[in-house]
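One structure is given below, encoded as structure tokens.
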Amino acid sequence: MTKHLISVLAFMGVTFGVQGVSHFLLNKDHFAEIGFLRESPIMPLGFAVMIIEGLILSLALTRLAPTAPSLRDAMMVSLAFGLFLGSYIALTEPAKYAVPSILDWIKVEATASTVQFGVFGVLLGLIHRKFS
């Protein structure tokens, strides 16, 4: 149980770090141009999503490699989920919403998702190896 709790906390930390840097520093102008974003996000919904996603990733790794998960196993799980979730964000959202630049949207979201799930994959592997 400890590895799942720590995995969820790690996912929340990585998500806040990567998405925060993307939204408020690196791509601030990009997000400022988007007219449909809330001025103040509803944080409890964001926390709920991070908890659910982090738990799913942690549990998926224990199903894939129940006894001795490797760093490679963790990276495969994290990057597969990142591709699944990131492709929706990067490709479907600009298809539904009037974003200022579809290409910029895809670049920003695909990059953030790749970094987020890549970093988390490493942490997930380390956490599960330590607490298995």
Side-chain angles (χ1 to χ4, degrees):
M1 187 62 171
T2 301
K3 63 186 167 190
H4 298 305
L5 176 61
I6 294 171
S7 295
V8 168
L9 293 173
F11 185 76
M12 292 175 78
V14 169
T15 299
F16 263 113
V18 171
Q19 296 297 338
V21 167
S22 177
H23 280 71
F24 302 112
L25 293 175
L26 297 177
N27 301 303
K28 185 177 182 176
D29 294 338
H30 166 77
F31 288 104
E33 292 177 3
I34 300 169
F36 59 84
L37 294 180
R38 289 182 178 275
E39 198 170 301
S40 298
I42 302 170
M43 295 305 289
L45 294 177
F47 287 129
V49 168
M50 287 185 277
I51 291 167
I52 291 166
E53 289 177 355
L55 186 57
I56 288 170
L57 286 159
S58 187
L59 292 171
L61 180 58
T62 61
R63 297 294 183 244
L64 176 69
T67 55
S70 67
L71 188 57
R72 182 175 184 268
D73 295 330
M75 290 298 293
M76 283 179 26
V77 167
S78 188
L79 291 174
F81 275 84
L83 182 60
F84 178 79
L85 296 169
S87 65
Y88 174 83
I89 295 165
L91 301 174
T92 302
E93 287 187 352
K96 295 188 311 184
Y97 306 118
V99 299
S101 167
I102 291 174
L103 185 57
D104 285 347
W105 181 277
I106 292 170
K107 286 181 196 175
V108 166
E109 295 300 340
T111 300
S113 290
T114 301
V115 172
Q116 176 184 351
F117 286 93
V119 170
F120 179 68
V122 171
L123 292 177
L124 183 65
L126 296 174
I127 291 164
H128 278 257
R129 284 174 46 176
K130 180 172 176 138
F131 291 99
S132 286

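A quick note: this is a predicted structure, and the numbers were derived from the prediction, not measured.
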I need the [X] [atom1] to [Y] [atom2] distance, nearest 0.5 Å.
{"X": "Gln116", "Y": "Thr111", "atom1": "CD", "atom2": "OG1", "result": "12.5 Å"}
{"X": "Leu71", "Y": "Arg129", "atom1": "CG", "atom2": "CZ", "result": "6.0 Å"}
{"X": "Ile6", "Y": "Leu126", "atom1": "CD1", "atom2": "CG", "result": "12.0 Å"}
{"X": "Leu61", "Y": "His4", "atom1": "CG", "atom2": "NE2", "result": "9.0 Å"}
{"X": "Ile56", "Y": "Ile51", "atom1": "CD1", "atom2": "CD1", "result": "12.0 Å"}
{"X": "His30", "Y": "Ser101", "atom1": "NE2", "atom2": "OG", "result": "8.0 Å"}

Answer with yes or no whether the hydrophobic clustering places [X] together with [Y]; edges join I, L, V, M, F, W, Y residues whose side-chain heavy atoms lie under 4.5 Å apart.
{"X": "Met12", "Y": "Phe120", "result": "yes"}
{"X": "Val18", "Y": "Val21", "result": "no"}
{"X": "Tyr97", "Y": "Ile106", "result": "yes"}
{"X": "Leu26", "Y": "Ile34", "result": "no"}
{"X": "Met50", "Y": "Leu123", "result": "yes"}

Quick one: are [X] and [Y] in side-chain contact, heavy atoms under 4.5 Å?
{"X": "Thr62", "Y": "Lys3", "value": "yes"}
{"X": "Val108", "Y": "Ser22", "value": "yes"}
{"X": "Leu55", "Y": "Leu59", "value": "yes"}
{"X": "Phe117", "Y": "Met75", "value": "no"}

Verdict with supporting geometry, Glu53 and Phe81, side chain to side chain contact (heavy atoms under 4.5 Å, CB included): CA-CA 9 Å; Glu53 289 177 355; Phe81 275 84; over 6 Å; no
So which heavy atom on [X] is nearest to which on [Y], and how close?
{"X": "Pro94", "Y": "Val99", "result": "CB-CG2, 3.8 Å"}
{"X": "Asp73", "Y": "Ala68", "result": "OD2-O, 4.2 Å"}
{"X": "Ser78", "Y": "Leu57", "result": "CA-CD2, 4.0 Å"}
{"X": "Gln19", "Y": "Ala112", "result": "NE2-CB, 3.8 Å"}

Under 3.5 Å: donor-acceptor pair, side chain of Ser113, backbone of Glu109: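 Yes; at least one donor-acceptor contact below 3.5 Å.
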Expected output: side-chain Trp105 to main-chain Ile89 donor-acceptor under 3.5 Å: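 The answer is yes, because a donor-acceptor pair under 3.5 Å joins these two groups.
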Residues His128 and Ser58: side-chain donor-acceptor under 3.5 angstrom: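 Result is yes, a qualifying pair exists.
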Within 6.0 angstrom of Lys130 NZ, more than 12 heavy atoms from elsewhere: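 No.
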Residue Phe131 excluded, over 12 heavy atoms near CZ under 6.0 Å: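 Yes, the 6.0 Å shell around CZ holds more than 12 heavy atoms from other groups.
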